[in-house]
Amino acid sequence: MHRSWWMENGLGCKVTSVTPAPDWAPEDHRYITVSGCFLEYQYIEVAHSSLQIVLALAGFIYACYVVKCITEEEDSFDFIGGFDSYGYQGPQKTSHLQLQPMYMSK
């Protein structure tokens, strides 16, 4: 009763409908026989699943690499006038006026 797309559409498979369907077959399923397949559908499903796992693993590893590269670039950014002692020092504001306290009379 296992329904597989690969069982009916595999390489070289010939699908033949069996009529009448047996009493134990559900009404919404068609009862078929499959012959002449190059590979049995179980092997194709296992290979298909294995390929998906390998691609997912490769994608995860690549995503980790991209995140690592992005975080390394962010760490290398240096703010102007940042925390390093030899960094850029902006021009100092100098004043030619001497400020003195101002006293208010009552």
Side-chain angles (χ1 to χ4, degrees):
M1 291 304 300
H2 175 71
R3 293 196 49 139
S4 170
W5 185 89
W6 288 110
M7 182 172 67
E8 297 179 22
N9 300 302
L11 191 63
C13 292
K14 305 238 188 286
V15 178
T16 309
S17 290
V18 175
T19 52
D23 295 334
W24 53 266
E27 292 179 15
D28 62 339
H29 286 63
R30 61 187 184 137
Y31 194 68
I32 60 171
T33 59
V34 181
S35 61
C37 294
F38 181 67
L39 284 174
E40 290 186 34
Y41 72 94
Q42 294 96 337
Y43 298 124
I44 297 173
E45 285 184 357
V46 168
H48 187 210
S49 299
S50 300
L51 179 63
Q52 287 179 336
I53 291 170
V54 168
L55 290 176
L57 184 61
F60 180 76
I61 291 170
Y62 183 70
C64 291
Y65 172 74
V66 168
V67 168
K68 179 182 174 280
C69 289
I70 289 173
T71 56
E72 282 181 357
E73 288 179 10
E74 288 177 0
D75 291 343
S76 66
F77 181 75
D78 185 25
F79 293 100
I80 297 175
F83 301 111
D84 54 349
S85 60
Y86 56 87
Y88 172 78
Q89 299 295 324
Q92 299 296 323
K93 183 177 179 182
T94 58
S95 176
H96 298 292
L97 299 175
Q98 183 177 4
L99 299 178
Q100 296 180 0
M102 185 169 135
Y103 297 103
M104 307 277 293
S105 60
K106 292 184 184 184

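Treat the numbers as computed from the prediction; the structure is a model and nothing was measured. No hydrogens, no waters, no symmetry mates; every other heavy atom, side chains included, goes into these values.
Residue Ile53 is found outside any hydrophobic cluster, as its side-chain heavy atoms come under 4.5 Å of no other Ile, Leu, Val, Met, Phe, Trp or Tyr. Its side chain within the 4.5 Å cluster rule, Leu51 clusters with Leu55 among the Ile, Leu, Val, Met, Phe, Trp and Tyr residues. Think of Leu57 as one node in a network of Ile, Leu, Val, Met, Phe, Trp and Tyr side chains linked at under 4.5 Å; its network also takes in Ile61.
Tyr41 approaches Trp6 most closely through the heavy-atom pair CB-C, 3.8 Å.
Note on Val46: it does not cluster hydrophobically with Met7, by side-chain heavy-atom contacts below 4.5 Å among ILVMFWY residues.
Remark: Val66 engages Tyr62, Ile70 in a side-chain contact (heavy atoms from CB on, under 4.5 Å) (not counting sequence neighbours). Glu40 pairs by the side-chain contact (heavy atoms from CB on, under 4.5 Å) definition with Gln42, Tyr43, not counting sequence neighbours.
Considering SG of Cys37 and CD1 of Ile44, their distance stands at 7.0 Å, rounded to 0.5 Å.
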